[in-house]
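See below for the structure under consideration.
All ligand and atom numbering here is 1-based and tracks the order in the structure. Keep in mind it's a predicted model, so treat the numbers as computed, not measured. The chain is numbered in sequence order, starting from 1.
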Amino acid sequence: MTGAFAKQLKPFATRDIKILLLENVNQTGRDILAKQGYQVDFLKSSLGEDELIEKIRDVHVIGIRSKTKLTAQVLREAKNLIVIGCFCIGTNQVDLNYAAQHGIAVFNSPFSNSRSVAELVIGEIISLARQLGDRSNEMHRGTWNKVSSKCWEIRGKTLGIIGYGHIGSQLSVLAEAMGMSVIYYDTVNLMALGIAKQVPTLEALLTGADFVTCHVPELPETMKMIGPEQFRLMKDGSYLINASRGSVVDIPALIDAMRSNKIAGAALDVYPAEPGGNGDYFLNDLNPWAEDLRSLKNIILTPHIGGSTEEAQSAIGIEVSEALVRYVNEGTTLGSVNMPEVNLRSLTVEEPNHVRVVYVHHNVPGVLRKVNEILGDHNVDKQTTDSRGEVAYLMADISNVNTHEIKDLYESLERLSSRIMTRVLY
Ligand SMILES: NC(=O)c1ccc[n+]([C@@H]2O[C@H](COP(=O)([O-])OP(=O)(O)OC[C@H]3O[C@@H](n4cnc5c(N)ncnc54)[C@H](O)[C@@H]3O)[C@@H](O)[C@H]2O)c1
Ligand SMILES: O=C(O)CC[C@@H](O)C(=O)O
């Protein structure tokens, strides 16, 4: 019996499934996974590449947040890995394509922390307009500095939202409720909430807004999308907020724009390089401009806490863990960010001599015929298949399979040249 077959053998024992959870995944998620009987290893922080490679070799499932980089180099070593859970929205830390090509599904939580980020940004808009960070710091140092110069109400001001997705649109509603006008720029034509207005270009947004806030994913097109030219276009005395990804804003350009008083304040929650865990080593070692950034007035620096609320983390823990359990136990890919979405109704009663076959394969002609020649020796009750780019995913429920036939079934599928990964469940 090959190692791979032993790993997938029907019915696999849930106690054999090894899970590594990094970055302090919430207790809700840990409980769901432990209740399945899986072996759950939990760490509060992320791991550097060498340690990660060492640990990932052994596990079937890994759960991460935004700091753990699952590059092709790391995933190459993850010989047993079948699924990755990103307990967050962003999936830019994972090589999604490499994972799909190797039959590793990736799940995330697409909107459970959107409200938390939107609320943080609302807090920052008011804090920047009233220079709250500076006043508070002065009081902590014993200085009473009662000023109104360049402190503003936000009522009647214009908020410019770049990226009108889950977070941007939620923020739009909150901002209007406080009397702000909202304009937004998005590459997709999107319905405005309330009386917000979509503008046709980034330039129109930058020239029209008093507060500019970024809510785009990390993509090649969004790298440094706010740089010297964009700061030049922004209104004199306007503000910039970035709680999306650190790569979106060119930080040295922001420092220049603030030093010249073009930009009156900024709030950053994300940075081009972030430490893997909590400690005293904030930005200095990682980012050469850190000292300059820290020396600026009216700048709020937070350690990537946009989604860090009890509500969001608890909801994310449940959502992602449940998706992992469905995938491990039933092969369901609904909600996966890198696999075709495939589902079959699960069995409501234990059926003897019944197996579920999951076959991830290269999306090339002739595969279904060959697979069905193998499955056709049994009774195929249900079958479904879908493809996404170069990867296809087939799921079949088969009856009349005797226990001694499972190994043959598995090995016949594994021998096909189209095979990426075979799993036999139940
Ligand atoms: N600070 C935090 O803790 C935190 C928490 C959650 C999410 N995030 C980040 O925020 C990002 C946005 O989250 P979301 O849930 O709103 O995502 P989303 O996918 O719902 O929305 C993103 C929007 O950006 C638009 N977009 C993409 N490229 C664009 C471009 N070049 N110009 C303009 N618009 C563009 C998309 O069309 C989409 O409408 C996430 O990708 C994640 O990186 C950060
Ligand atoms: O919790 C995190 O580490 C990431 C939060 C946020 O950036 C996300 O992508 O959801």
Side-chain angles (χ1 to χ4, degrees), residues 21-26 29 44-46 63-70 85-94 96 106-121 123-124 160-173 183-193 196 198-206 212-227 230 241-249 267-272 274-278 300-317 319-320 337:
L21 294 180
L22 301 177
E23 302 188 58
N24 206 15
V25 165
N26 195 265
K44 280 200 157 193
S45 64
S46 174
I64 60 168
R65 286 170 63 185
S66 55
K67 305 291 178 296
T68 308
K69 305 274 176 259
L70 294 179
C86 297
F87 286 77
C88 54
I89 292 183
T91 52
N92 56 294
Q93 68 282 34
V94 180
L96 297 177
V106 182
F107 293 88
N108 72 338
S109 170
F111 44 76
S112 290
N113 65 19
S114 322
R115 172 73 189 201
S116 301
V117 181
E119 286 190 13
L120 177 77
V121 173
E124 289 174 339
I161 301 174
I162 307 175
Y164 202 66
H166 290 108
I167 298 171
S169 56
Q170 176 100 212
L171 176 60
S172 165
V173 174
I183 55 175
Y184 60 94
Y185 167 68
D186 200 295
T187 41
V188 178
N189 205 5
L190 290 165
M191 187 190 75
L193 298 183
Q198 183 157 10
V199 292
T201 58
L202 182 57
E203 181 174 352
L205 182 130
L206 296 169
V212 171
T213 182
C214 305
H215 299 288
V216 290
E218 179 173 283
L219 296 170
E221 314 85 87
T222 60
M223 288 277 174
K224 296 197 178 165
M225 82 186 281
I226 305 297
Q230 288 68 34
I241 297 170
N242 183 22
S244 60
R245 284 292 178 259
S247 54
V248 171
V249 172
L268 301 180
D269 188 42
V270 286
Y271 308 87
E274 297 177 5
N278 290 344
I300 300 169
L301 303 174
T302 48
H304 202 149
I305 52 162
S308 296
T309 60
E310 297 284 359
E311 291 91 340
Q313 293 307 312
S314 160
I316 290 172
E319 190 182 354
V320 179
V337 295

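Counting protein heavy atoms under 4.0 angstrom from atom 19 (O) of ligand 1 gives zero.
A salt bridge (charged side-chain N to carboxylate O under 4.0 Å, His left out) check over residues 161-173, counting only residues at least two apart or in different chains, returns nothing.
Residue-level proximity to ligand 1 for Glu218 is absent, since no heavy atom of it falls below 4.0 angstrom. Residue contacts with ligand 1 for Asp269 involve side-chain atoms from C-beta outward but no N, CA, C or O (heavy atoms, distance under 4.0 Å).
For atom 5 (C) of ligand 1, the nearest protein heavy atom (residue, atom name, distance) is Val117 CG2, 3.3 Å. Scanning the protein for heavy atoms near atom 43 (O) of ligand 1, the closest one is Arg245 CZ, 3.2 Å. Closest to atom 13 (O) of ligand 1 among all protein heavy atoms lies Ile167 CD1, 3.4 Å. Considering only non-hydrogen protein atoms, atom 21 (O) of ligand 1 sits nearest to Gly165 CA, 3.2 Å. Counting protein heavy atoms only, atom 29 (C) of ligand 1 is closest to Thr187 OG1, 3.6 Å. Protein heavy atom in closest approach to atom 3 (O) of ligand 1: Gly307 N, 3.1 Å. Closest protein heavy atom to atom 44 (C) of ligand 1: Ala243 O, 3.1 Å.
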Give every pair made of an N or O atom of ligand 2 and a protein N or O atom lying under 3.5 Å apart, one pair per line with both atom names and the distance to 0.1 Å, or write 'none'.
unit_1: ligand 2; atom_1: 1 (O); unit_2: Arg65; atom_2: NE; d: 2.9
unit_1: ligand 2; atom_1: 1 (O); unit_2: Arg65; atom_2: NH2; d: 2.9
unit_1: ligand 2; atom_1: 3 (O); unit_2: Ser66; atom_2: N; d: 3.3
unit_1: ligand 2; atom_1: 3 (O); unit_2: Ser66; atom_2: OG; d: 2.7
unit_1: ligand 2; atom_1: 7 (O); unit_2: Arg245; atom_2: NH1; d: 2.7
unit_1: ligand 2; atom_1: 7 (O); unit_2: Arg245; atom_2: NH2; d: 3.3
unit_1: ligand 2; atom_1: 7 (O); unit_2: His304; atom_2: NE2; d: 2.6
unit_1: ligand 2; atom_1: 9 (O); unit_2: Ile89; atom_2: N; d: 3.3
unit_1: ligand 2; atom_1: 9 (O); unit_2: Gly90; atom_2: N; d: 2.7
unit_1: ligand 2; atom_1: 9 (O); unit_2: Arg245; atom_2: NH2; d: 2.7
unit_1: ligand 2; atom_1: 10 (O); unit_2: Ile89; atom_2: N; d: 2.5
unit_1: ligand 2; atom_1: 10 (O); unit_2: Asn113; atom_2: ND2; d: 2.9

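In terms of heavy atoms, Glu23 sits closest to Lys67 at OE1-N, 3.0 Å.
In this structure, Ser244 is part of the shell of residues with a heavy atom less than 4.0 angstrom from ligand 1. Close to ligand 1: Tyr185, with a non-hydrogen atom less than 4.0 angstrom away.
Side chain of Gln313 to main chain of Phe87: no donor-acceptor pair is present (N/O by atom type, distance under 3.5 Å, no hydrogens or angles).
Near His304, meaning under 4.0 Å from any of its heavy atoms, are these atoms of ligand 1: 1 (N), 2 (C), 3 (O). Contact atoms of ligand 1 toward Asn113: 5 (C), 6 (C) (distance under 4.0 Å to a heavy atom of the residue).
When the heavy-atom distances from atom 11 (C) of ligand 1 to Leu171, Val216, Leu202 are ranked, the shortest goes to Val216. One option in His215, Gln170, Arg65 has a heavy atom closer to atom 12 (C) of ligand 1 than any other, and that option is His215. Comparing Leu205, Asp186, Ile161 by heavy-atom distance to atom 37 (O) of ligand 1, the nearest is Asp186. Distances from atom 27 (C) of ligand 1 to the heavy atoms of Gly163, Pro217, Pro303 put Pro217 nearest.
The N/O atoms of Gly90, backbone and side chain alike, include none that comes under 3.5 Å of an N/O atom in ligand 1.
Around atom CD of Glu221, more than 12 heavy atoms belonging to other residues, nucleotides or ligands sit under 6.0 Å away.
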